[in-house]
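Below is one structure, written out as structure tokens; comments come after it.
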Amino acid sequence: MAVWSDSRRIGEIQWLRAIAAIMVVIAHIKIAIDLRFYGLSFAEFPLSPFPFVAGVDIFFVISGFVMAHSSRSLHGKVGAWKTFLLRRLARVVPLYWLMTVLVIVLLDVMHVPVWADTTLTQIVASFFFFPTANPDGVPLPVLDIGWSLNYEMLFYAVFALFVGLRQRWALSGVFLVLALGVAAGRWFPPASLALRFWSDPIVLEFLLGIAIYLVVSRGFRMPDPARWLVGLCGLGLFLAYPQIDFTWRFLQWGCPAALMVLAAVSGRRETRSSVAEWAGNVSYAVYLSHFFVIRALLFALERGGIRHAGAWLVGFPVGVVLGTLAASTVLHYAFERPVLRGIRRHADRDLLTGVGAPTGP
């Protein structure tokens, strides 16, 4: 049986992170094609047989697992909350801020109409992960895809409150706060948009990840055939619920995501793969950068007057995926890792250890 330690990297988790990121990319490719090639409105979009956007739910469950697993050494230590937050912010913030600055420049240079209605409050809130209504009244940051990071930051903040306690009490505290927050939000709907956002049941998916960690850390393992069966059950449940239901999303998509994560982390052998390591490490950059690749290829197709179905239905998706993988690889190795190394030299020598790199979408 593989030894569980803070330095262990799980190949299947890395693959799953990459798959989750690509699922989100595919979801946005479909939206782009429906809007720009078929000329459909959002209300006219055909239902996808598979909920690719549920890649975010897989990310959330992974995040819960990874936070519980990689923070074991911090429990019971003075100042643990500072170390925890430094590590999380160092992994998430630099690339997100870079992408947010780039999208602001893009919106301004291209004179996108929505930019004229974007307020300074929304811009500042976007940088500090505070849910604020955009010009359409929806709680999305300037970089739309960053909505999920607003949930991640809530999870990190709650986790930091308890990380200095013994592990049992720390994880129990996280469970209690998030669960009570969701219950209060359902029973007593708050007037604040931010509180309504943060009390959404989707935050329970982080708890599913923590629960998986607790089960696996106590020695639970499955033979490979059983893991495949559990993972395929998760895949089948995704197919059973292709349409989003915000009220029950944490059950319809969170539970299948949890089955896939459980299958990934419950192997009897430790797995390592340089390809899996690369795929998982660039997944955060994939998530944040694919918007720019989609925009660039849409611009090229439309500026060139290309309306051939093959170019849009084959060339465009393939180009987006390959372009995103190339861009995210450059971003990870030329920006993310150097920044992390710089922070590590000056602040935290353990910043690059743990299960993989940034977990969030």
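For the numbers below, each heavy atom of this structure counts, side chains included, while hydrogens, waters and symmetry mates do not.
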Test item: [X] side-chain N/O and [Y] main-chain N/O as donor-acceptor pair under 3.5 Å:
{"X": "Trp97", "Y": "Phe127", "result": "yes"}
{"X": "Asn281", "Y": "Glu277", "result": "yes"}
{"X": "Trp253", "Y": "Tyr241", "result": "yes"}
{"X": "Thr119", "Y": "Gln122", "result": "yes"}
{"X": "Glu205", "Y": "Val56", "result": "no"}
{"X": "Gln252", "Y": "Arg249", "result": "no"}
{"X": "Ser283", "Y": "Gly280", "result": "yes"}
{"X": "His290", "Y": "Thr324", "result": "no"}
{"X": "Arg307", "Y": "Phe37", "result": "yes"}
{"X": "Asp136", "Y": "Val138", "result": "no"}

Flag yes if [X] and [Y] sit in one hydrophobic cluster, no otherwise; membership is Ile, Leu, Val, Met, Phe, Trp, Tyr, and two members link when side-chain heavy atoms are under 4.5 Å apart.
{"X": "Leu325", "Y": "Val314", "value": "no"}
{"X": "Phe42", "Y": "Ile33", "value": "yes"}
{"X": "Met99", "Y": "Val114", "value": "yes"}
{"X": "Met260", "Y": "Leu239", "value": "yes"}
{"X": "Leu229", "Y": "Phe220", "value": "no"}

Tell me the closest heavy-atom pair linking [X] and [Y], and the distance in Å.
{"X": "Ser289", "Y": "Leu331", "value": "CB-CD1, 3.7 Å"}
{"X": "Ala258", "Y": "Val61", "value": "CA-CG1, 3.9 Å"}
{"X": "Ala54", "Y": "Phe238", "value": "CB-CE2, 3.6 Å"}
{"X": "Val286", "Y": "Ala21", "value": "CG1-CB, 3.8 Å"}
{"X": "Pro51", "Y": "Pro242", "value": "CB-O, 3.7 Å"}
{"X": "Gly64", "Y": "Ile210", "value": "O-CG1, 3.5 Å"}

Can Phe52 and Phe50 be said to form a ring-ring contact (aromatic ring centres under 6.0 Å, His included), step by step?
-> CA-CA 6 Å; Phe52 289 103; Phe50 187 84; 5.1 Å; yes

If you measure from [atom1] on [X] to [atom2] on [Y], what distance do you get to the nearest 0.5 Å?
{"X": "Glu302", "Y": "Arg36", "atom1": "CD", "atom2": "CZ", "result": "4.0 Å"}
{"X": "Leu107", "Y": "Leu143", "atom1": "CG", "atom2": "CG", "result": "9.5 Å"}
{"X": "Arg91", "Y": "Ile343", "atom1": "CZ", "atom2": "CD1", "result": "10.0 Å"}
{"X": "Trp248", "Y": "Cys255", "atom1": "CH2", "atom2": "SG", "result": "11.0 Å"}
{"X": "Leu85", "Y": "Leu161", "atom1": "CG", "atom2": "CG", "result": "8.5 Å"}
{"X": "Leu47", "Y": "Gln243", "atom1": "CG", "atom2": "CD", "result": "5.5 Å"}

Under 4.0 Å between a Lys/Arg side-chain N and an Asp/Glu carboxylate O for Glu12 and Arg227?
->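 A salt bridge links Glu12 with Arg227.
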
Answer yes or no: is there a side-chain heavy-atom contact under 4.5 Å between [X] and [Y]?
{"X": "Leu193", "Y": "Thr132", "value": "no"}
{"X": "Pro141", "Y": "Thr100", "value": "no"}
{"X": "Met153", "Y": "Phe128", "value": "no"}
{"X": "Met23", "Y": "Ile58", "value": "yes"}
{"X": "Glu152", "Y": "Arg88", "value": "no"}
{"X": "Ile294", "Y": "Phe299", "value": "no"}
{"X": "Ile212", "Y": "Val265", "value": "yes"}
{"X": "Ile104", "Y": "Trp115", "value": "yes"}

Can the ring centroids of Tyr96 and Phe129 be said to lie less than 6.0 angstrom from one another?
->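 Yes, close enough.
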
With side-chain contact (heavy atoms from CB on, under 4.5 Å) as the test, would you mind laying out the steps for Ser63 and Met67 before giving the verdict?
-> CA-CA 6 Å; Ser63 184; Met67 291 307 99; 4.2 Å; yes

Full working for ring-ring contact (aromatic ring centres under 6.0 Å, His included) between Phe130 and Trp198 = CA-CA 10 Å; Phe130 191 85; Trp198 281 326; 5.5 Å; yes

Please check if any side-chain donor atom of Tyr287 sits under 3.5 Å from a side-chain acceptor atom of Ser148, or the reverse.
->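 There is such a pair between these side chains.
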
Distance-only side-chain donor-acceptor flag, Arg17 / Gln14, under 3.5 Å |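 Yes - a donor-acceptor pair under 3.5 Å links their side chains.
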
Is it true that atom CH2 of Trp147 has more than 12 heavy atoms of other residues, nucleotides or ligands lying nearer than 6.0 Å?
->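 Yes.
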
Please check if atom CZ in Arg186 has more than 12 non-hydrogen atoms from other residues, nucleotides or ligands closer than 6.0 Å.
->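 Counting neighbours around CZ of Arg186, more than 12 heavy atoms of other residues, nucleotides or ligands fall under 6.0 Å, so yes.
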
Only one of Phe206, Phe197, Tyr156 passes ring pair (Phe, Tyr, Trp, His ring centres under 6.0 Å) with Tyr151; say which it is.
->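 Running ring pair (Phe, Tyr, Trp, His ring centres under 6.0 Å) over Phe206, Phe197, Tyr156 with Tyr151 returns exactly one hit, Phe197.
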
Given side-chain contact (heavy atoms from CB on, under 4.5 Å), test Thr118 with Asn134 step by step and report yes or no.
-> CA-CA 7 Å; Thr118 301; Asn134 67 6; over 6 Å; no

Val182 vs Leu178, side-chain contact (heavy atoms from CB on, under 4.5 Å): CA-CA, chis, key distance, verdict | CA-CA 6 Å; Val182 170; Leu178 291 183; 5.7 Å; no

Report the C-alpha distance between Leu207 and Leu204 in whole Å, list the side-chain angles of each, state the deciding distance to 0.1 Å, and finish with yes or no for side-chain contact (heavy atoms from CB on, under 4.5 Å).
-> CA-CA 5 Å; Leu207 302 185; Leu204 299 177; 3.8 Å; yes

Checking salt bridge (Lys or Arg N to Asp or Glu O under 4.0 Å) for the pair Lys30/Asp34: CA distance, chi angles, key distance, verdict?
-> CA-CA 6 Å; Lys30 179 185 181 299; Asp34 286 341; 2.7 Å; yes

What class does the angle between the rings of Trp312 and Phe316 fall in, given that below 30° is parallel, 30 to 60° is tilted and above 60° is perpendicular?
->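 Tilted, since the angle between the ring planes falls between 30° and 60°.
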
